[in-house]
K.L.:
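Let me begin by handing over the structure; questions about it come next.
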Amino acid sequence: MSPLSKENSIVADMSLAPEGHLKIDWVRQHMPVLNRIREQFEAEQPFKGLKVSITLHLEAKTAYLAKVVQAGGAEVTITGSNPLSTQDDVCAALVEDGITVFAKYNPSPEEFKALNIKALESKPDLIIDDGGDFATLLHSERPDLMENIRGGAEETTTGIIRLKALQKQGILKFPMVAVNDAYCKYLFDNRYGTGQSAWDGIVRTTNLIVAGKTVVVVGYGWCGKGVAMRAKGLGANVIVTEVDAIKAVEAHMDGFHVMPMLEAAKRGDFFVTVTGNRYVIRGEHYDVMKDGAILCNAGHFDVEVNKPELAERSVSQRTVRKNIEEYQLKDGRKLYLLVEGRLVNLGAADGHPAEIMDTTFALQALSLKYVNDNYKNIGVKVENVPYDLDEQVARYKLESLGIAIDSLTLAQIDYLDSWNLNG
């Protein structure tokens, strides 16, 4: 253990570390791509002498990413990006492994923000961000902490939206790589990861059957596609609501019912929001929902379900089961909100499967190296993950699965080149 990391860290209970080590070791065994990158980092030391601050959902898979970055020579500081997804045993284990941790489960909003700021007070050279939380804090409140930052990598759709807003305003101060927009991220993590982990959280929390129920998926981006696909696989009747006409047609052609939210609100037994927007379920929808409807969110922030309007319409509110809040409306109907409207897949479960986060965090690790190697040339902007890095992760994944694919022959390459030249 690094005495400095233990002395500086703020965690709930260091006695929980043994269980945290077991969790981290379990995911390490199921993350072969990240293991391969760790070997490269140990040999090359790309982050030697640099400070890296990370904010992500602080559970075992994230912890292993932090250890991989540390293996590359970095001094790593980490905090949680959601108060209900932080696992205290994992935090304690990381401190024993020499990583400075500022995180604990379910802090107050004020403490949560203070912990995030503490993670930036090391004045990092590089950051890994989630939801643009670090970038927003640095640009709006603590510009004094960004003097050393070369750049970083962003995990989510929400974060990229916020970063591009800073870029559009001309106030973004360092390059950020949009990991979420890499093919290996949105095709696999957002679709298969969110699809499985959201239902892991819902089923674990409610202990109710999904088959035969009506599920309303609010938003048909890559996360929404995964949630809808898995709901269908569990035997549900699936309704999709959208504001994008193209995505609505896609949902229809994928075999789902498509309708306005106000109509879907009358039919749903489960509601899952995955839009990244605000108040997509609100007052007029509560007014027509079935007695016993269950509401949850799989977007980054707890704003997709309008909690103030739900509380206003209620005569009583109580916790009926861990992570289930019952709201009794004035007409006697009861609606149930999971995990305070926060990310259901992390607040009520363990997040995406390890095999999914293997590719996502491989992208994070390689993108962090890419921005460190190229920050002087990238410029101050939101940068896409280079396709060769994206494909490299996919090739590593195929190799770990024992799957081989074809390569183009020289004649085929010449043929395609001739078309490119003629074009």
Side-chain angles (χ1 to χ4, degrees), residues 30-31 33-34 56-57 61-62 85 130-131 154-161 178-203 210 215-236 238-244 246-258 270-277 280 296-300 304 343-346 348-364 367 384-385 387 389-391 393-398 400-401 403:
H30 295 88
M31 303 181 87
V33 179
L34 208 53
L56 289 168
H57 297 283
K61 299 176 288 292
T62 299
S85 64
D130 189 353
E154 168 56 48
E155 174 76 2
T156 66
T157 304
T158 301
I160 292 170
I161 290 170
V179 171
N180 182 77
D181 288 354
Y183 284 109
C184 280
K185 173 65 163 67
Y186 65 71
L187 287 176
F188 309 128
D189 178 306
N190 292 2
R191 178 166 45 173
Y192 297 104
T194 305
Q196 177 169 320
S197 62
W199 286 106
D200 285 346
I202 295 166
V203 172
V210 180
V215 170
V216 178
V217 180
V218 188
Y220 203 65
W222 286 103
C223 292
K225 292 172 190 176
V227 172
M229 177 175 61
R230 288 291 171 256
K232 183 178 181 180
L234 288 167
V238 181
I239 296 171
V240 170
T241 71
E242 251 301 341
V243 296
D244 185 301
I246 296 172
K247 291 178 182 177
V249 173
E250 182 181 14
H252 168 75
M253 297 187 76
D254 284 345
F256 302 118
H257 301 287
V258 179
F270 291 95
F271 294 82
V272 188
T273 59
V274 271
T275 69
N277 212 325
V280 295
C296 66
N297 166 55
H300 182 74
E304 301 204 25
L343 273 164
V344 70
N345 55 336
L346 279 146
D350 291 321
H352 293 359
E355 299 95 332
I356 287 291
M357 296 312 295
D358 188 27
T359 54
T360 294
F361 284 163
L363 283 168
Q364 282 283 10
S367 294
N384 289 330
V385 175
Y387 184 78
L389 290 187
D390 208 357
E391 188 182 38
V393 169
R395 288 187 178 277
Y396 284 173
K397 187 65 175 179
L398 287 173
S400 74
L401 296 169
I403 297 172

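Just so we're clear, the structure is a prediction, and the values are computed from it rather than from any experiment. Just so it is clear, the values below take in all heavy atoms, side chains as well, and ignore hydrogens, waters and symmetry mates.
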K.L.:
Can you name the nearest heavy-atom pair linking Ala198 to Val227, along with the distance?
P.N.:
CB-CG2, 4.2 Å
K.L.:
Okay, side chain of Thr156, backbone of Gly159: is any donor-acceptor separation there less than 3.5 Å?
P.N.:
yes
K.L.:
Look only at the side chain of Thr62 and the backbone of His57, and say whether a donor-acceptor pair between them is shorter than 3.5 Å.
P.N.:
yes
K.L.:
If you round to the nearest 0.5 Å, how far is CG of Asn345 from OG of Ser85?
P.N.:
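That separation rounds to 9.0 Å.
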K.L.:
Please examine the side chains of Leu234 and Trp199, heavy atoms only from C-beta on, and report whether any two atoms are closer than 4.5 Å.
P.N.:
yes
K.L.:
Which pair of non-hydrogen atoms, one from Leu363 and one from Lys185, has the smallest distance, and what is that distance?
P.N.:
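Leu363 and Lys185 have their closest heavy atoms at CD1-N, 3.8 Å.
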K.L.:
Can you tell if the side chain of Val274 reaches within under 4.5 Å of the side chain of Val217, non-hydrogen atoms only?
P.N.:
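In contact.
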K.L.:
When you measure from the side chain of Glu155 to the backbone N and O of Val179, does any donor-acceptor pair fall under 3.5 Å?
P.N.:
no
K.L.:
Side chains of Asp189 and Thr359: does their closest heavy-atom pair fall under 4.5 Å?
P.N.:
no
K.L.:
Apply side chain to side chain contact (heavy atoms under 4.5 Å, CB included) to Asp181 and Val385, showing your working.
P.N.:
CA-CA 7 Å; Asp181 288 354; Val385 175; over 6 Å; no
K.L.:
Taking atom OG of Ser400 and atom CD of Glu355, what is their separation to the nearest 0.5 Å?
P.N.:
9.5 Å
K.L.:
Closest heavy-atom contact between Lys61 and Ala354?
P.N.:
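Shortest heavy-atom contact: CD-CA, 3.5 Å.
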K.L.:
To check you understand the geometry: which heavy-atom pair defines the closest contact between Phe361 and Leu56, and what is its length?
P.N.:
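What the structure gives for the nearest pair is CE2-CD1, 3.9 Å.
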K.L.:
Could you give me the CA-CA distance, side-chain angles and deciding distance for Asp244 and Tyr220, then say whether side chain to side chain donor-acceptor pair (under 3.5 Å) is met?
P.N.:
CA-CA 9 Å; Asp244 185 301; Tyr220 203 65; over 6 Å; no
K.L.:
Tell me whether Thr360 contacts the main-chain N or O of Met357 through its side chain, where contact means a donor paired with an acceptor under 3.5 Å.
P.N.:
no
K.L.:
Not counting sequence neighbours, list each pair that qualifies as a salt bridge (Lys or Arg N to Asp or Glu O under 4.0 Å) and has a residue in residues 218-232.
P.N.:
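Salt bridge (Lys or Arg N to Asp or Glu O under 4.0 Å) check on residues 218-232 returns Lys225-Glu250.
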K.L.:
Do the side chains of Asn190 and Asn180 get nearer than 4.5 Å, heavy atoms only?
P.N.:
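Answer yes - side chains close enough.
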K.L.:
Considering only heavy atoms from C-beta outward, does the side chain of Tyr387 approach that of Tyr183 to under 4.5 Å?
P.N.:
yes
K.L.:
Surrounding CG of Leu401 (heavy atoms of other residues, nucleotides or ligands, distance under 6.0 Å), is the total greater than 12?
P.N.:
yes
K.L.:
Checking Arg191 side chain against Leu187 main chain: does a donor-acceptor pair fall under 3.5 Å?
P.N.:
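Pair found, side chain donor or acceptor close to backbone of Leu187.
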K.L.:
Answer yes or no: is there a side-chain heavy-atom contact under 4.5 Å between His257 and Val240?
P.N.:
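Contact flag for His257/Val240 side chains = no.
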K.L.:
Stepwise, does the side chain to side chain donor-acceptor pair (under 3.5 Å) test hold for His300 with Thr158?
P.N.:
CA-CA 7 Å; His300 182 74; Thr158 301; 5.6 Å; no
K.L.:
Does any non-hydrogen side-chain atom of Ile239 lie less than 4.5 Å from one of Val215?
P.N.:
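They are not in contact (no side-chain heavy atoms under 4.5 Å apart), so the answer is no.
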K.L.:
Main chain of Ala182, side chain of Asp390: is a donor-acceptor contact present, judged purely on distance under 3.5 Å?
P.N.:
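Checked: no pair found.
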K.L.:
Start with the C-alpha gap between Asp358 and His30, add the side-chain angles, then the distance that decides, and say whether side chain to side chain donor-acceptor pair (under 3.5 Å) holds.
P.N.:
CA-CA 8 Å; Asp358 188 27; His30 295 88; over 6 Å; no
K.L.:
Between Cys296 and Thr273, is there a side-chain heavy-atom distance shorter than 4.5 Å?
P.N.:
no
K.L.:
Which pair of non-hydrogen atoms, one from Ala298 and one from Val272, has the smallest distance, and what is that distance?
P.N.:
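Reported closest heavy-atom pair: CB-CG1, 4.4 Å.
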K.L.:
Is a donor on one side and an acceptor on the other found under 3.5 Å between the side chain of His352 and the backbone of Gly193?
P.N.:
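At least one qualifying donor-acceptor pair exists.
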K.L.:
Between Val393 and Cys184, what is the shortest heavy-atom contact and its length?
P.N.:
CG1-SG, 4.5 Å
